[in-house]
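Remarks on the structure that follows.
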There are 2 protein chains.
Amino acid sequence: MSSNLFEYLPRIVSLFPSLADISEQDWKHSGIQVIETEPNHIIEEGQFLEYAILILEGTVRMYKISGGGREITLYRIHGGECCPLMTSSILGESEYEASACVETTGLVLAVPVDIFRDWTDRYRKFRQFIFKSFAKRIVVMSNLLDSINFKSIRGRISEHLVQMTKQAGNSNTLHITHDILAIELGTAREVISRTLKGLENEATIKLSRGKITIMNQIALESYIEA
Amino acid sequence: MSSNLFEYLPRIVSLFPSLADISEQDWKHSGIQVIETEPNHIIEEGQFLEYAILILEGTVRMYKISGGGREITLYRIHGGECCPLMTSSILGESEYEASACVETTGLVLAVPVDIFRDWTDRYRKFRQFIFKSFAKRIVVMSNLLDSINFKSIRGRISEHLVQMTKQAGNSNTLHITHDILAIELGTAREVISRTLKGLENEATIKLSRGKITIMNQIALESYIEA
DNA sequence: TAAGTTAGGTGACTTTGTCACGGTACTGCT
DNA sequence: AGCAGTACCGTGACAAAGTCACCTAACTTA
């Protein structure tokens, strides 16, 4: 819990330019806090929220979990973003329909829901930022839905691996377990293992414990479906 | 195309109470139109939109379509609603990621995007209405995703049938083809046929051409998964 | 170095999706 | 009435994906 919100203000504003207009008065509400997050802290599905969360540092993974224990990652939110599924439950006044898990230590700005609502009313830039966040996630979710329903796992895995290499600065060695991949893509670990084995047999990738090396990126990309 | 928008105003406002505040001046923009929709008119994926659409009468089905021709219904919008996936592309300034199909003759209010943006800025109630629309659809989409990824088709079909009976005033005779059901649920017609056949063999339902009769609603409901 | 934990492999099976047909009921036309 | 064309449904054979049970290999830690 932050001792002094105002110390963080410059950082907050540089991450969220849309908050630049907020008056000093408005920052002085007692409920607003900067909170340090611990990894693996989980916010469960179906709760009513007291705060809107804006991420300053670190990442949060939004996911769904099934009765049978299978899991799927919906999307991640990083520094400078807010979580529309949570916001949705605030502005739509309903429970929210997913779980969130903090992945790294980090910092978040917590704004009490009534103040949040007030700000979206009174501050144009902030409001537009929230609108865009919604829009972005709706698109992401709709594409995810498309992938799940229409694409082959081979294609989806390939796509995920290729994306990962980009994030890893085009290194062709990825440090990830089959288990995690399964959770990312919403399938079973065995399915991932089998499919990866298939790719290894074609010399497209090379497997070792907790590591995947891309041997033939072109081939991998060719599996990605429209 | 409407000869006189102002004739429609009382109806518009009673359907969209959030539009009650809009000033007469603001209604006088030349671009705003009431348009009659023809069934099966389709708006394809990936277009930039010139108008925000508010439905006055009739329904519009939003769906995704795959390369292989399979299709899935994301949700429907009815009188008194707006389409967040379209709105999303307006406020998020991106292409929109689904197709829309008019299902019945009806009426829509078309508001040019710049006017729409202006209204969301200046009119609080309207803005909150749009926010809630977003929130609602995000929840719907996230639940759909959950169903597709985690639930059995038997469960999904059962759920859909039970829902349909409610909409049909608890009549236990549904007029629907396997083909349509497949499109609703995003699967193949054969899968639907097989599953329904299974339910018929257990005397849970009775099949005839273009018609499904529910014989044992309790059994049907028991298949619906959490 | 032994024990425990995490990661990965595999075979057998079920469910779901795909492909290729074939049959049956309706519709409209002559 | 007869016929062609279309929409709807059934089905078998197969492929792809998910489930279950169990195993082995590799790291970790005491």
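Because the structure is a prediction, the values reported are computed rather than measured. Chain identifiers are assigned alphabetically (A, B, ...) following the order of the sequence lines, protein sequences preceding nucleic acid strands; residue numbering begins at 1 within each chain. Below, all heavy atoms of this structure are taken into account, side chains as well, without hydrogens, waters or symmetry copies.
Looking at A/S152 and A/E225, their side chains do bring a donor and an acceptor atom within 3.5 Å of each other. When only modelled atom types and interatomic distance are considered, B/E97 and A/S142 share no side-chain donor-acceptor pair under 3.5 Å. Between the side chains of A/T105 and A/E36, no donor-acceptor pair of N or O atoms lies under 3.5 Å. Residues B/R156 and B/S147 have side chains that never bring a donor and an acceptor to within less than 3.5 angstrom of each other. A donor atom on one side chain and an acceptor atom on the other are found under 3.5 Å apart for A/R61 and A/T73. No hydrogens or angles considered: a donor-acceptor pair under 3.5 Å links the side chains of A/S193 and A/H178. If you check the side chains of A/E221 and A/Q217, you find a donor sitting under 3.5 Å from an acceptor.
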Subject >> Base-contact (B) and sugar-phosphate-only (S) positions in nucleotides 11-20 of chain D, heavy-atom cut-off under 4.0 Å, - elsewhere >> reply: B-B---SBBB
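The CD1-P distance, from B/I72 to C/dT16, rounds to 15 Å in whole Å. The distance between atom CG of A/L196 and atom C1' of C/dA7, rounded to the nearest whole Å, is 13 Å. Taking atom NE2 of residue A/H175 and atom P of nucleotide C/dG8, one finds them 12 Å apart after rounding to whole Å.
Dashed line: the shortest gap from a side-chain N or O of B/H178 to OP1 or OP2 of D/dG10 is under 4.0 Å.
Contact check for A/V113 versus A/E50: no side-chain heavy atoms found under the 4.5 Å cut-off.
For DNA chain D, the neighbouring residues in residues 203-226 of chain A, judged by any heavy atom under 4.0 Å, are A/R209.
For A/F131 and B/F131, the distance between ring centers is under 6.0 angstrom.
Heavy-atom contacts from other residues, nucleotides or ligands closer than 6.0 Å to NZ of A/K151 number more than 12.
Within the helix from C/dT1-D/dA30 to C/dT30-D/dA1, the inter-axis angle between the opening and closing five-pair segments is 20°, rounded to 10°.
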